[in-house]
Amino acid sequence: MQSNRRALALLLIAGLAGPTACGTSSTPAAKTTEAGKVTIKVSCQPAKSDPRNRKVWDDDVAAFQKLHPNVTVESTDQQPCFDPKTFGPKLAGGQMETVFRVPVTNTQDVISKGQALDISGLTGEVKNFADFSPAVMAPYSAGGKVYGIPTSTYSVGLVYNRKLFTQAGLDPNMPPKTWAEVREAAKKIAGIGAGFVGYGEYSGGNTGGWHFNQAIYGRGGEMVTPDGKQAAFNSPEGKAVLQFLKDLRWSDNSTGTKLLVGWESLMQAMGSGKTGMMLGAPDVVPDLVNKFGGQIADYGIAPFPEAKASLSGGEGFMINPKATPEEAKAGLQWVDFYWTTPGQGAFNYERAKTIGNPVGLPNNSLFGDSPSGKKIAELQKQHATLPVENFSPFVEGSAAVPPKLEPPKAQELYAILDVAMSAVLSRKDADVDKLLTDAESKANAVLAKS
Amino acid sequence: MLIADAGTRRRAHVPSRLGRSIRRNLTAYGFLCAALACFAVFAWYPMVRTFILSFQQTNLIDPPTWVGLDNFRTVVDDPAFGEAWLNTLEFTVLALLCGYVVPFGIAIVLNELRHARAYLRFVVYLPVMLPPIVSVLMFRWFFDPGPGLFNQILGVVGIPPLAWLDSTSTALISLVIVSTWMNLGSGTLIYLAALQNIPGELYEAAELDGAGVWRRIRHVTIPQTKLILLLMLMLQIVATMQVFIEPFMLTLGGPENATLTVAYLMYQYAFVYGGNYGAGGALGLMLMIVLLAFAAVQLRLNRQDRP
């Protein structure tokens with residue numbers, strides 16, 4: 001018996017020591033080779049199932065390597081480019097790309113954990129870096145240092161189905177401007193017939209809390225106090241968010257009977273063509289068309305009703321903190337080449353039009369009114385393939401709405417607020433005041449630890 | 001001194017007990033190597049790493065820092081902690097009531113059948129052959145509050161539709177239904193095997209003594225399958241307390257945290273709340289300790305129960 005124990009102990013020690021040793025060593029994402037040659041790994045190559053865009057990407061990689069003969073680019077095609085579930089394991093396993101994508105909702109978390117390289121001294125590699133507005137750069141900066149380069153940015157609006165508006169006797173060119181108008185429009189759309197939903201809203205999987213954040217910012221409210229130590233959503237604006245949904249669900253019956261849990265659920269509902277309106281940024285539209293079977297001509301985007309501010313949306317790129325200065329420099333040269341230069345790579349609208357990609361989505365506020373911004377807007381207009389007139393209410397109405405960052409501990413707060421969102425959409429007797437008070441005390445407990 | 005030297009020399013020539021044991025069982029150890037390596041890599045090593053991780057904080061870039069019991073404090077102070085444990089315990093009790101009794105009952109019926117036995121066994125086992133993800137997605141449609149199968153059936157018999165997954169009062173029991181259906185086949189098959197080992201003479205003797213069906217089950221079937229029943233009880237408790245797929249695929253813990261389980265909360269710490277692997281590990285360790293304690297009590301009771 002004792003001998004067995006000894007053998008087992010030896011095995012356990014061997015098991016622990018071996019892999020632990022492996023675990024502490026890490027393979028850098030890129031390799032610096034002899035005579036200044038450098039190899040970088042970059043994310044977001046289109047998948048094999050999208051051969052047209054993959055070929056375009058590969059052509060651009062070849063062109064970049066020709067321009068920078070000392071740099072070899074290895075592409076990865078994980079879809080989606082950023083996935084919180086694989087982010088940590090990739091970092092731990094030394095598989096993270098030299099240049100990796102991060103949505104604006106995650107940038108501050110990544111920075112605070114030291115998972116992105118300080119690139120303050122290398123921003124010159126991005127030629128039009130000075131054209132980024134401070135508001136757009138804010139999510140990618142901390143403590144006066146720069147940690148990322150934004151590649152798209154947008155504010156939240158009201159995505160609506162123009163076809164359903166017409167069917168319900170509403171004018172699709174005059175989308176709702178106030179919450180009262182949204183409620184009336186929702187009632188009319190739900191009245192089209194069984195299975196039609198006027199206004200769709202999330203209630204679980206952190207998406208409920210996320211949309212609560214969008215709604216309360218839009219109404220001028222706050223999620224947390226300025227010092228970030230206490231919850232601030234138990235406010236008239238927070239109550240208005242929940243009461244509005246409760247009224248739609250239980251007084252008007254215009255939100256449908258099914259709880260929408262997780263990102264896909266509302267997208268499926270909207271893509272099916274039976275849901276009239278939802279809160280969403282412009283990037284919702286291509287997803288509705290490409291992934292959920294929607295028709296591009298059916299969708300319009302209006303500004304957020306009575307907007308006072310907008311939760312920031314968008315994406316950018318960061319550099320692996322394990323990258324050498326040469327690799328970081330090459331990585332930023334790639335970002336400059338493919339992701340931020342008007343007329344090139346992602347902004348090559350002429351080529352995008354040729355291969356059938358949608359052009360004209362209002363997500364070019366990245367550079368504001370700077371020369372780069374103007375150039376991109378001009379190219380987009382010139383090669384537009386989308387019905388841009390359907391997005392013009394959003395473009396005109398959203399320009400002046402100030403962007404606002406997510407609160408600290410955002411995902412924890414979203415999980416807490418999911419409860420309130422699901423309560424008003426699933427219980428007729430839900431007490432809005434009590435729900436917010438409960439959520440507030442839970443949020444305070446979480447924030448006290450930040 | 002001389003005596004001591006002689007003793008040392010003798011020990012040098014006589015193989016130790018460990019050496020003898022290894023030599024005697026060398027072939028067996030050889031066969032065990034592959035299995036032990038698999039256990040070491042895929043079970044023991046992750047367990048040891050989780051144990052270590054639960055006392056550390058890491059950004060997966062820099063070396064981890066030791067934080068003592070901070071991760072445990074974070075988990076215990078989380079408002080969702082109590083809810084997750086209560087839901088998990090409720091799920092376990094409900095899943096046991098359904099998942100323990102139903103397969104045993106079905107096994108008894110199948111054992112008594114004289115016709116179509118093979119076909120019915122196949123039908124009962126079929127759900128186990130479906131990937132869990134397929135079963136869960138199928139139930140998503142069954143539970144749909146609009147055109148879902150269950151509400152259509154209720155409609156046929158004049159019962160108003162239920163909200164199923166969308167109501168705090170029915171969400172957890174809906175998950176229990178899914179879990180019971182998915183695991184029914186394995187349990188039934190194991191009980192059936194145990195039932196077939198019961199000597200037929202016992203039933204004949206009971207019948208001659210005038211025992212009806214219920215008395216035969218109570219006085220023959222249950223005592224004869226007691227060991228399997230106890231083993232299955234332990235296995236089912238261990239499995240159901242780790243419930244994850246059902247809430248992850250169907251409810252994401254909602255509505256109002258009514259289906260938030262311990263395993264799902266662990267997932268949230270590690271993969272939703274910005275990679276708090278330490279807190280996830282701490283909660284995992286707590287769950288493991290509870291399950292180990294339960295298994296130890298169960299094993300001790302079993303041992304005491306044996307003749």
Side-chain angles (χ1 to χ4, degrees), chain A residues 2-4 6-7 11-12 14-16 18-20 23-24 26 84-85 87-89 91-92 106 109-110 112-115 194-195 203-208 256-259 261-262 321-322 409-412 414-416 418-423 425-427 438 441-443 445-446 448-449, chain B residues 16-22 29 36-37 39-41 44-46 48-49 52 58-63 70 73-74 77-80 83 144-148 161 163 165-168 171 248-260 265 267-277:
Chain A
Q2 201 172 346
S3 62
N4 287 346
R6 211 177 301 165
L11 204 74
L12 271 173
L16 182 63
T20 308
T24 49
S26 58
K85 291 189 282 298
F87 184 75
L91 268 177
N106 293 74
D109 186 51
V110 170
S112 69
K113 289 197 170 97
Q115 294 168 332
S203 59
N206 284 25
T207 52
T257 56
K258 192 177 173 183
L259 286 184
V261 173
K322 288 178 183 168
K409 298 268 180 187
Q411 295 303 324
E412 284 92 329
Y414 292 170
I416 289 168
D418 269 354
V419 172
M421 293 289 274
S422 60
L425 291 167
S426 68
R427 277 196 291 122
D438 287 350
S441 69
K442 288 178 181 176
V446 167
K449 285 189 170 285
Chain B
S16 68
R17 206 188 296 171
L18 175 66
R20 282 202 305 274
S21 169
I22 288 177
Y29 285 132
L36 286 175
F39 271 113
V41 172
W44 300 331
Y45 173 63
V48 173
R49 287 290 296 164
I52 295 170
T58 176
N59 66 354
L60 304 169
I61 299 282
D62 306 313
D70 275 7
R73 283 190 205 102
T74 301
D77 291 345
D78 186 338
E83 286 175 302
D144 192 299
L165 300 167
D166 295 348
S167 160
T168 49
F248 178 66
M249 287 304 298
L250 289 171
T251 58
L252 295 174
E256 299 184 58
N257 284 352
T259 57
L260 180 72
L265 188 59
Y267 167 82
Q268 286 202 300
Y269 282 129
F271 299 113
V272 180
Y273 298 164
N276 194 347
Y277 301 103

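Throughout, protein chains are lettered first and strands after them, A, B, ... in sequence-line order, and every chain is numbered starting at 1.
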Nearest heavy-atom pair of Lys258(A) and Asp144(B): which atoms, and what distance? NZ-OD2, 3.1 Å
Give the member of Pro145(B), Pro147(B), Gly254(B) that has the highest number of heavy-atom pairs under 4.5 Å with chain A. Pro145(B)
What residues form a side chain to side chain donor-acceptor pair (under 3.5 Å) with Ser203(A), not counting sequence neighbours? none
Looking only at non-hydrogen atoms, find the nearest pair between Asn206(A) and Gln268(B) and report the distance. OD1-NE2, 3.7 Å
Identify, with sequence neighbours excluded, every residue that meets ring pair (Phe, Tyr, Trp, His ring centres under 6.0 Å) alongside Tyr277(B). none
Please give me the minimum heavy-atom distance between Asp166(B) and Thr257(A), naming the atom from each residue. OD2-O, 3.8 Å
Scanning both residues in full, the closest heavy-atom pair of Pro321(A) with Ile61(B) reads CG-CD1, 3.4 Å
Applying a strict 4.5 Å limit to non-hydrogen atoms, the region of Asn276(B) in contact with chain A is neither
How long is the gap from CG on Asn59(B) to OG on Ser112(A), to the nearest 0.5 Å? 9.5 Å
Which heavy-atom pair separates Val261(A) from Thr251(B) by the least distance, and what is that distance? CG1-O, 3.4 Å
Spacing of Leu252(B) atom CG and Leu259(A) atom CG [to the nearest 0.5 Å]: 11.5 Å
Identify which part of Tyr269(B) has an atom lying under 4.5 Å from any heavy atom of chain A, answering side chain, backbone, both or neither. neither
Measure the spacing between NZ of Lys113(A) and CG of Asp62(B) and express it to the nearest 0.5 Å. 13.0 Å
Given the options Ala194(A), Gly204(A), Gly114(A), which has more heavy-atom pairs under 4.5 Å with chain B than any of the others? Gly114(A)
Donor-acceptor pair, Glu256(B) side chain versus Ser422(A) backbone, under 3.5 Å? no
Sort out for me which of Gly146(B), Ser167(B), Pro255(B), Pro161(B) touches chain A most, counting heavy-atom pairs under 4.5 Å. Pro255(B)
Which atom of Tyr273(B) lies closest to which atom of Gln411(A), heavy atoms considered: CE2-O, 3.7 Å
